[in-house]
2 protein chains.
Amino acid sequence: MAEKVYIGDIADHAGKEVAVTGWLYNKRSSGKLWFLQVRDGTGLIQAVVFKGSVSEVLFQRCEEITQESSITVVGTVAEDKRSAGGFELQVTDLQVDQVAQDYPITPKEHGTTFLMDHRHLWLRSSRQHAILRIRHEIVGACRDFFDGRGFTLVDAPVFTPNACEGTSTLFETEYFGSKAYLTQSGQLYMEAGAMAFGKAYCFGPTFRAEKSKTRRHLTEFWMIEPEVAYMDLNGDMELAEDFISYIVKRVLDNRRPELEKLERNTEALAKVVKPFPRLSYDDAAAILKEKEVEFEYGSDFGGADETVISEAFDKPVMVHRYPAAIKAFYMKNDPDDPSKALCVDVLAPEGYGEIIGGGQREDDLSVLEAKIKEHELPAEAFEWYLDLRRYGTVPHAGFGMGIERAVSWICGLSHVRETIPFPRLMHRLTP
Amino acid sequence: MAEKVYIGDIADHAGKEVAVTGWLYNKRSSGKLWFLQVRDGTGLIQAVVFKGSVSEVLFQRCEEITQESSITVVGTVAEDKRSAGGFELQVTDLQVDQVAQDYPITPKEHGTTFLMDHRHLWLRSSRQHAILRIRHEIVGACRDFFDGRGFTLVDAPVFTPNACEGTSTLFETEYFGSKAYLTQSGQLYMEAGAMAFGKAYCFGPTFRAEKSKTRRHLTEFWMIEPEVAYMDLNGDMELAEDFISYIVKRVLDNRRPELEKLERNTEALAKVVKPFPRLSYDDAAAILKEKEVEFEYGSDFGGADETVISEAFDKPVMVHRYPAAIKAFYMKNDPDDPSKALCVDVLAPEGYGEIIGGGQREDDLSVLEAKIKEHELPAEAFEWYLDLRRYGTVPHAGFGMGIERAVSWICGLSHVRETIPFPRLMHRLTP
């Protein structure tokens with residue numbers, strides 16, 4: 001029997017007879033020929049069935065097979081400059097494994113709810129392939145970046161014991177008679193990781209029970225969070241721009257066909273090279289004023305504000321030193337202006353908004369204790385965290401990047417829901 | 001100022017004056033000399049302070065600094081064959097960033113509960129470093145293995161809508177007015193992934209609310225689950241032995257010092273090369289009978305049974321074709337003996353028990369529908385899953401490997417709790 005090969009490796013088998021197992025993606029006929037578009041998950045290839053070279057029964061089978069029928073195609077790999085992959089299969093045998101009846105997703109247009117209800121099948125389409133292959137590339141690039149720089153993977157727990165900053169956006173579960181909450185961020189744990197390993201990161205799913213139905217919110221999303229001991233805000237910004245430049249370059253280098261499939265403007269991505277513009281919160285607020293955007297100085301930027309700010313640049317922009325009052329208790333205040341926090345948000349270009357949030361952490365025990373009191377947080381829950389300031393405290397900083405927002409931006413998508421295989425939204429828990 | 005370097009890169013700076021930032025791990029004095037063991041998370045180095053070459057104030061500082069004090073050490077990198085890393089630092093300057101008072105974990109013995117309560121600090125010890133670096137290596141190896149073979153990462157959701165197989169071991173959460181359950185396995189989703197991408201895998205945390213207090217159970221653990229279209233049980237076993245051989249070799253190649261630190265018998269690991277012995281459930285039951293272990297034929301193997309079976313071999317052993325009655329509904333029955341399932345468990349050697357469970361899935365729509373009925377499962381919840389059999393069903397197989405059990409075995413640990421940075425057990429939700 002012919003050797004079984006994957007379409008993704010077809011170029012290695014030019015001139016040979018091979019077997020491809022997969023599904024019918026599309027077909028068309030021109031009398032004596034059938035052109036079958038076959039997908040096997042690693043690629044698409046055109047299988048050409050010539051009436052003169054196969055049995056009548058086999059030629060008839062081509063008539064019968066429908067979209068997404070499972071088939072085994074035997075044929076000779078022939079160069080074909082017109083086809084996307086550069087090769088076609090000249091069919092010598094065709095086995096029908098199952099004829100699929102009435103596949104729900106046809107080449108015609110479908111509504112989003114319908115497609116989301118059929119997400120388990122929608123994943124088979126070439127557009128979803130392109131997005132999820134880019135997601136795969138980005139996930140791999142994230143890990144390679146930090147692994148290559150000597151970071152140690154320190155997986156943060158999903159179950160956390162305390163609702164430290166209020167329960168309103170936390171998912172809660174009963175935990176053997178007590179309550180546990182699903183993590184919103186591994187940061188506090190990564191600070192322990194940084195004190196142990198110098199450079200640490202975690203990368204896993206995080207959860208927010210936000211009643212948001214925007215195009216940028218998922219209830220379950222993946223986040224990568226590096227944290228570094230003996231690093232300040234400047235170092236943090238350098239790390240963030242190195243990191244983002246690296247992952248964008250990886251996608252441009254390795255996922256051109258997928259970006260093309262999505263009709264992504266790759267010139268815009270090619271501009272994402274460091275250094276990124278850095279501007280203070282005050283500078284950013286001045287841009288809003290100049291553009292006559294209604295904005296209350298001292299408040300956080302909304303999505304629309306972020307769009308205006310980021311559109312002033314053709315690279316990601318790093319906005320640092322927000323008012324301390326609107327930032328988390330663990331942020332270190334700027335010694336040069338204690339009303340500001342040593343934090344940074346990275347806003348993606350093209351109106352994609354915040355993809356990274358981070359900053360330098362408060363490393364002084366007594367200041368941190370005072371802040372916990374001031375924020376009316378349960379002191380006892382933070383005893384372990386305060387230990388990090390009791391035993392060899394050092395300046396340290398880090399950030400978190402939400403993967404789905406990064407994928408959305410790099411793919412140029414209008415909604416975050418297609419950036420994850422099985423999205424979870426306020427009104428979406430299936431399939 | 002001297003260039004700041006990491007101890008892990010110290011060999012690149014031989015003969016140069018550098019600055020190392022980190023923590024005091026240990027110290028000893030011999031009159032005119034202080035020997036400071038400094039750790040920065042990437043390694044340990046001995047910093048030698050010679051009374052004759054530094055100021056009196058600086059020499060006095062060495063007296064004052066305590067375990068886990070944060071320090072910045074400036075010195076010349078000198079070759080030193082006696083030290084573990086091959087280099088020492090001849091100190092020219094020393095800055096004390098914070099003197100740590102009464103660090104709780106001292107070189108003396110501590111009880112497990114105490115250490116687990118101080119997990120955020122315990123991570124700083126060299127034994128925990130060794131374990132978590134090996135974990136990091138294994139996680140990277142898992143991803144590289146599947147990425148290198150053309151698998152696509154298809155992250156499975158944590159939130160699932162149905163308690164398909166009973167709620168007794170599921171964590172439940174309120175989800176905007178309805179109920180969601182935390183995933184126990186991404187397998188069903190990976191089957192959708194395999195139909196879309198041919199070869200798919202997921203890798204993320206999974207959850208079991210089991211009231212187990214054994215040395216092998218965590219409530220939150222990471223699992224990698226590959227799934228392949230057009231693959232049968234034999235292919236699945238080949239994939240599993242290739243995979244395990246690969247990750248063990250990676251650890252042996254890259255993490256020798258860590259294995260030595262743990263006093264791991266590496267000769268036992270070196271034997272983990274394919275092919276692995278394959279034996280049927282019946283063969284395994286015969287071993288138990290021969291060894292006069294009390295065992296009821298037809299039931300599942302317990303931990304003690306697995307130990308007896310695995311101790312008959314010096315490699316992982318693949319036990320296939322368990323009674324269908326004790327396996328999940330989605331397992332395909334063996335056509336040669338329908339009372340058996342086309343499944344496989346891989347038992348690690350040295351008594352470590354099951355690390356992989358998997359098999360070939362039922363691909364026939366009507367058989368699967370009958371099984372769902374027979375198991376009294378809610379048919380509606382599986383409609384999307386049945387779609388995978390309606391639209392181009394193909395033979396397919398896969399498996400799941402729990403990372404912590406693999407780390408436990410490869411590190412040679414007696415309990416799974418040290419294999420993850422922040423373990424979650426029935427009675428352990430902190431820190």
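Proteins come first, then strands; the chains are lettered A, B, ... in the order of their sequence lines, and each starts at number 1.
With a threshold of 4.5 angstrom between heavy atoms, L425(B) approaches chain A through N, CA, C or O but not through any side-chain atom. Within the 4.5 angstrom heavy-atom criterion, only backbone atoms of D102(B) (N, CA, C, O) approach chain A. Interface remark: D40(A) contributes backbone atoms only to the contact with chain B (heavy atom separation under 4.5 Å). For a residue to count as touching a neighbouring chain, one of its non-hydrogen atoms must lie under 4.5 Å from one of that chain's; by this rule L121(A) touches chain B with the side chain only. With a threshold of 4.5 angstrom between heavy atoms, F203(A) approaches chain B through N, CA, C or O but not through any side-chain atom. Neither the backbone nor the side chain of E137(A) comes within contact range of chain B, judged by heavy atoms closer than 4.5 Å. For F176(A), the part lying under 4.5 angstrom from a heavy atom of chain B is the side chain only. Contact annotation for Y6(B): only side-chain heavy atoms (C-beta onward) come within less than 4.5 Å of a heavy atom of chain A. Contact of V154(A) with chain B is made through backbone and side chain together, with heavy-atom distances under 4.5 Å. Heavy atoms of A200(A) lying under 4.5 Å from chain B are absent altogether.
Between A156(A) and C202(A), the shortest heavy-atom contact is N-CB, 3.8 Å. Nearest approach of E258(B) to N254(B), heavy atoms of both residues: OE1-O, 4.4 Å.
Of the residues considered (S125(A), P431(A), G198(A), S69(A)), P431(A) shows the highest number of contacts with chain B, using heavy-atom pairs under 4.5 Å. For the set D387(B), T430(B), T42(B), the entry with the most heavy-atom pairs within less than 4.5 Å of chain A is D387(B). Among the candidates F171(A), Y175(A), Y103(A), the residue making the largest number of heavy-atom pairs closer than 4.5 Å to chain B is Y175(A). Most heavy-atom pairs under 4.5 Å with chain A, from the set E174(B), R135(B), R124(B), H427(B): that is R124(B). Among L429(A), T72(A), I71(A), the residue with the largest count of heavy-atom pairs under 4.5 Å with chain B is L429(A). Ranked by non-hydrogen atom pairs under 4.5 Å with chain A, the options G140(B), P157(B), A194(B), A100(B) are led by P157(B). Among K4(A), Q101(A), M195(A), the residue making the largest number of heavy-atom pairs under 4.5 Å with chain B is M195(A). Ranking A180(B), P423(B), P395(B), P104(B) against chain A, the residue ahead of the rest is P104(B), based on heavy-atom pairs under 4.5 Å. Of the residues considered (L123(B), D155(B), T173(B)), D155(B) shows the highest number of contacts with chain A, using heavy-atom pairs under 4.5 Å.
Between the side chain of T183(B) and the backbone N or O of V158(B), no donor-acceptor pair lies under 3.5 Å. Formation of a donor-acceptor pair under 3.5 Å by the H396(B) side chain with backbone atoms of V394(B) is found in this model. Checked by atom type and distance alone, the side chain of R39(A) pairs as donor or acceptor with a backbone atom of A196(B) at under 3.5 Å.
A distance below 6.0 Å separates the ring centres of F159(A) and F207(B).
Under a 4.0 Å N-O distance rule, the pair E191(A)/R389(A) qualifies as a salt bridge. D144(B) and R143(A) are not joined by a salt bridge, as no carboxylate oxygen comes within less than 4.0 angstrom of a charged side-chain nitrogen. The existence of a salt bridge linking E383(A) and R390(A) is confirmed by a sub-4.0 Å separation between a basic side-chain nitrogen and an acidic carboxylate oxygen.
Residues L182(A) and L182(B) form a side-chain contact, since some pair of their non-hydrogen atoms from C-beta on lies under 4.5 Å apart.
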Donor-acceptor pairs are to be reported for all side-chain atoms of residues 146-153 of chain A against protein atoms at under 3.5 Å, with residues two or more places apart or in another chain.
residue: D147(A); atom: OD1; partner: Y201(A); partner atom: OH; Å: 2.7
residue: D147(A); atom: OD1; partner: H136(B); partner atom: NE2; Å: 2.8
residue: R149(A); atom: NH2; partner: D242(A); partner atom: OD2; Å: 3.1

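K199(B) forms no cation-pi arrangement with Y230(B), by the criterion of a distance under 6.0 Å to the ring centre and an angle within 45° of the ring axis.
Residues passing the side-chain contact (heavy atoms from CB on, under 4.5 Å) test with A192(B) are H120(A), F422(A), W384(B), L388(B), sequence neighbours excluded. Evaluation of the side-chain contact (heavy atoms from CB on, under 4.5 Å) rule for Q98(B) yields T393(A), S70(B) as partners, not counting sequence neighbours.
Here the CZ atom belonging to R428(A) is positioned 10.0 Å from the CZ atom belonging to R119(A), to the nearest 0.5 angstrom.
Annotation: residues 217-226 of chain B contacts chain A through T219(B), E220(B), W222(B) [non-hydrogen atoms, separation under 4.5 Å].
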